[in-house]
Amino acid sequence: MIDQHRHASAETAATPDNDRNLLRPVLWLLLILSAAANITMSVIGAYMIGSGFGLITVACTVALVVHHYRHRRA
């Protein structure tokens, strides 16, 4: 017989890994794009818009560091 409880726990255990595996590349992509937009806006003189992209860049960096420390192996 199939143990339904074991099957259900295996699915729920796999879900955080899938979220973790998806979150990191998205944060890296946002970090790179926002940093490039920040540089571009600063070069053309749109400092207010560039500052917004700079804040996004900092937020992505902080999120990546927090994610790393929360999910590192002991």
Can you give me every donor-acceptor pair (side chain of residues 30-45, partner residue at least two apart or in another chain, under 3.5 Å) with its distance?
| residue | atom | partner | partner atom | Å |
| --- | --- | --- | --- | --- |
| S34 | OG | L30 | O | 2.8 |
| S34 | OG | L31 | O | 3.2 |
| S34 | OG | T57 | OG1 | 2.9 |
| T40 | OG1 | A36 | O | 2.8 |
| S42 | OG | N38 | O | 3.0 |

For V62, all residues meeting side-chain contact (heavy atoms from CB on, under 4.5 Å), sequence neighbours excluded: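 Expected list: V58, V66.
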H71 (side chain) donor-acceptor with H67 (main chain) under 3.5 angstrom: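 Here the side-chain-to-backbone pair exists.
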In one Ile/Leu/Val/Met/Phe/Trp/Tyr side-chain cluster, 4.5 Å: L29, L23: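 No.
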Where at least one partner belongs to residues 45-54, residue pairs that pass side chain to side chain donor-acceptor pair (under 3.5 Å), sequence neighbours excluded: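 Residue pairs passing side chain to side chain donor-acceptor pair (under 3.5 Å), neighbours aside: none found.
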Distance, nearest 0.5 Å, that separates CG of L27 from NE2 of H68: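 Interatomic distance, L27 CG to H68 NE2, rounded to 0.5 Å: 14.0 Å.
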Side-chain cluster (under 4.5 Å, hydrophobic types only) that Y69 belongs to, other residues: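 Via sub-4.5 Å side-chain contacts, Y69 links to V65.
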